[in-house]
Amino acid sequence: MNFKNIEAFVAVYKFGGFSAASEKLCTTQPAISSRINNLEKDLGCQLFDRTNKSITLTRNGYQLLPLAEHL
């Protein structure tokens with residue numbers, strides 16, 4: 001598990017989306033998407049519900065959030 005992937009997860013949640021997170025982390029939106037995809041692959045679960053135009057955390061995402069923020 002990569003720290004940058006966890007950082008991206010927290011930023012997407014905190015700033016409300018992939019684009020906003022990429023701006024705050026001074027990187028591209030595709031890089032943030034890749035980090036989230038890699039984290040989800042490592043954990044074997046989906047962290048964000050992407051069915052609407054806005055994203056929300058899944059149950060697994062809510063479980064990970066306190067641990068990720070602590071890091």
Side-chain angles (χ1 to χ4, degrees):
M1 195 173 314
N2 184 320
F3 179 75
K4 286 202 173 274
N5 297 348
I6 295 171
E7 178 185 47
F9 166 72
V10 173
V12 169
Y13 172 74
K14 183 176 180 181
F15 301 115
F18 287 67
S19 294
S22 68
E23 288 179 26
K24 296 293 183 179
L25 296 178
C26 299
T27 190
T28 64
Q29 185 273 328
I32 295 296
S33 293
S34 178
R35 291 175 189 177
I36 297 300
N37 287 334
N38 288 336
L39 182 60
E40 289 176 330
K41 187 187 298 182
D42 288 346
L43 296 174
C45 64
Q46 189 173 355
L47 300 172
F48 291 102
D49 179 9
R50 300 169 180 90
T51 56
N52 299 324
K53 288 193 177 213
S54 63
I55 60 165
T56 57
L57 288 175
T58 63
R59 181 175 164 208
N60 291 321
Y62 277 111
Q63 290 176 338
L64 176 63
L65 186 61
L67 299 169
E69 288 178 319
H70 182 70
L71 292 173

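Each residue takes its place number in the sequence, starting with 1.
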key: Distance-minimising heavy-atom pair for Gln46 and Asn60   = O-CB, 3.8 Å
note = Separation between CD1 (Ile32) and CG (Asn37), nearest 0.5 Å, reads 11.5 Å
ask   = To the nearest 0.5 Å, what is the distance between OG (Ser33) and CG (Asn38)?
value = 10.5 Å
key: Phe48/Phe9 aromatic ring centres below 6.0 Å   = yes
request  = Measure across Leu25 and Ala8 and return the closest heavy-atom pair with its distance rounded to 0.1 Å.
outcome  = CD1-CA, 4.0 Å
remark   = Looking only at heavy atoms, the pair that brings Ile55 and Gly17 closest together is CD1-CA, 4.1 Å
key: Residue of the set Asp42, Leu67, Leu64, Leu71 for which side chain to side chain contact (heavy atoms under 4.5 Å, CB included) holds with Ile6   = Leu71
request  = Applying side chain to side chain contact (heavy atoms under 4.5 Å, CB included), name anything that partners Ala20, two or more places apart in sequence or on another chain.
outcome  = Phe15
message = Once side chain to side chain donor-acceptor pair (under 3.5 Å) is applied, do any residues pair with Arg50, and if so which ones, sequence neighbours excluded?
response = Glu40
Steps toward side chain to side chain donor-acceptor pair (under 3.5 Å) verdict (Thr51, Asp49) = CA-CA 6 Å; Thr51 56; Asp49 179 9; 3.0 Å; yes
key: Side-chain H-bond candidate by donor/acceptor type, Ser19 with Glu23, under 3.5 Å   = no
task = Find out whether Thr27 and Lys4 are in side-chain contact, i.e. whether some heavy atom of one side chain is under 4.5 Å from a heavy atom of the other.
result = no
Rounded distance (nearest 0.5 Å) linking atom NZ of Lys14 with atom CG of Leu65 = 11.0 Å
key: Phe18 CZ: over 12 foreign heavy atoms closer than 6.0 Å   = yes
